[in-house]
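Below is one structure, written out as structure tokens; comments come after it.
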Amino acid sequence: MNNKIEQQSRTDDAESVDHTISFDSVDKVYGADAVAEESVVALQDIDLDVERGEFVSVVGPSGCGKTTLLHMAAGILEPTDGSVQINGVDVQSSQHERKEVGLVFQHPVALEWRTVRKNIMLPVQILKENGAIDKDMSHYEDRADELLSLVGLEGFGDAYPNELSGGMQQRVTISQSLIYNPSVLLMDEPFGSLDAMTKDELNLELLRIWRETEKTILFITHDLDEAVFLSDRVVVLSPRPGEVADVIDIDLDRPRGEDTRGSTRFVELSAELHQYFKSLQ
Ligand SMILES: Nc1ncnc2c1ncn2[C@@H]1O[C@H](COP(=O)(O)OP(=O)(O)OP(=O)(O)O)[C@@H](O)[C@H]1O
């Protein structure tokens, strides 16, 4: 497969580029400039590499720094110490291309007065107005239609967000994050506010999209079963200050489907993760 050949040559060229996302000795202290009592050490000494095309979830007790970790990968927050690289480039440097990263948050961010298609196009429109993209808008209009079909919203391009269910709105957000065709998707509890059935359905959809688009995904969740179901590896953070307490390999076969959740190995891995999680608190 071309992809594998390309991946191998990248590995030969420079080892650092082999890791799509790299956290290198990262600390994050909120209020580091303030007096000592007011500072909060959110994350400490984070070393974590996510390989090209990998699906990695991060779990940990509330307040351990999961969102902080994701925001540093997105370049929204700067590490206090250490660095975060995407495709071998420090996300804080001017060489970093924001278009390499798609972001999905817990709550859909669609603007209610714009149609679904226009919402998917929104990031492009903003950059076009700033002169930051040179491609013709028709290129992105075609891509928006492709994405509608990819996420199962064919025929809904002219609908408004309030005509859609919560699950469908989150599909719109996923399309929006893919409009530039980024190599990395950063997802912060994207299905956390959905009911259990819709969440299960979107988990399956996300795995299909991931398989078809070959993205690298860093996924934050509170739901340990969801982490096991989706991931190649699950990173467990300790209570604050968050440190990598363990990284668990999820050796379930792919593609995963409804029957995966009922398999003996899924039940074993899930029980192991629940037990480990309890021991941390
Ligand atoms: N802007 C800020 N200023 C000061 N402290 C902050 C700030 N943002 C987050 N924190 C603190 O940093 C710690 C980590 O927060 P973060 O939101 O990353 O944790 P989390 O694991 O995502 O939490 P949750 O699971 O509840 O969503 C928390 O103790 C939080 O109160």
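Just so you know, ligand 1 is whichever comes first in the structure, and atom 1 is the first atom listed for that ligand. Quick caveat: nothing in here was measured; it's all calculated off a predicted structure.
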Just need the protein heavy atom nearest to [atom], so name the residue and atom and give the distance.
atom	answer
atom 8 (N) of ligand 1	Y30 CZ, 3.3 Å
atom 25 (O) of ligand 1	K66 NZ, 2.7 Å
atom 17 (O) of ligand 1	T67 CB, 3.9 Å
atom 15 (O) of ligand 1	T68 OG1, 3.8 Å
atom 26 (O) of ligand 1	S62 OG, 2.6 Å
atom 29 (O) of ligand 1	R240 NH1, 2.8 Å

Note to self: Tell me whether G31 reaches ligand 1 (any heavy atom closer than 4.0 angstrom to a ligand atom).
What the structure shows: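 Under 4.0 Å: no for G31.
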Item to complete: Decide whether the shortest distance between a heavy atom of H222 and an atom of ligand 1 is less than 4.0 Å.
Response: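 True for this residue.
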Using a strict cut-off of less than 4.0 Å between a Lys/Arg side-chain nitrogen and an Asp/Glu carboxylate oxygen, indicate whether [X] and [Y] qualify as a salt bridge.
X	Y	result
R261	D225	no
K28	D81	no
E141	K118	no

- Just going by heavy-atom distances, which of G65, G63, G60 is nearest to atom 13 (C) of ligand 1?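 It is G63 whose heavy atom sits nearest to atom 13 (C) of ligand 1.
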Any sub-3.5 Å donor-acceptor pair from [X]'s side-chain atoms to [Y]'s backbone N or O?
X	Y	result
Q169	L164	yes
S270	V267	no
D136	S138	yes

- Task: Indicate yes or no: does an N/O atom of C64 lie under 3.5 Å from an N/O atom of ligand 1?
- Result: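 C64 vs ligand 1: N/O contact under 3.5 Å present.
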Report, one line per pair, each donor and acceptor closer than 3.5 Å where one atom sits in a side chain of residues 146-162; sequence neighbours left out.
unit_1, atom_1, unit_2, atom_2, d
D158, OD1, R117, NH1, 2.8

Point to revise | Listed partners of F219 passing ring-ring contact (aromatic ring centres under 6.0 Å, His included), at least two apart | key: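 F55.
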> Would a 4.0 Å cut-off, counted as strictly less than, catch a protein heavy atom around atom 31 (O) of ligand 1?
Replying inline: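 No, because not a single protein heavy atom sits under 4.0 Å from atom 31 (O) of ligand 1.
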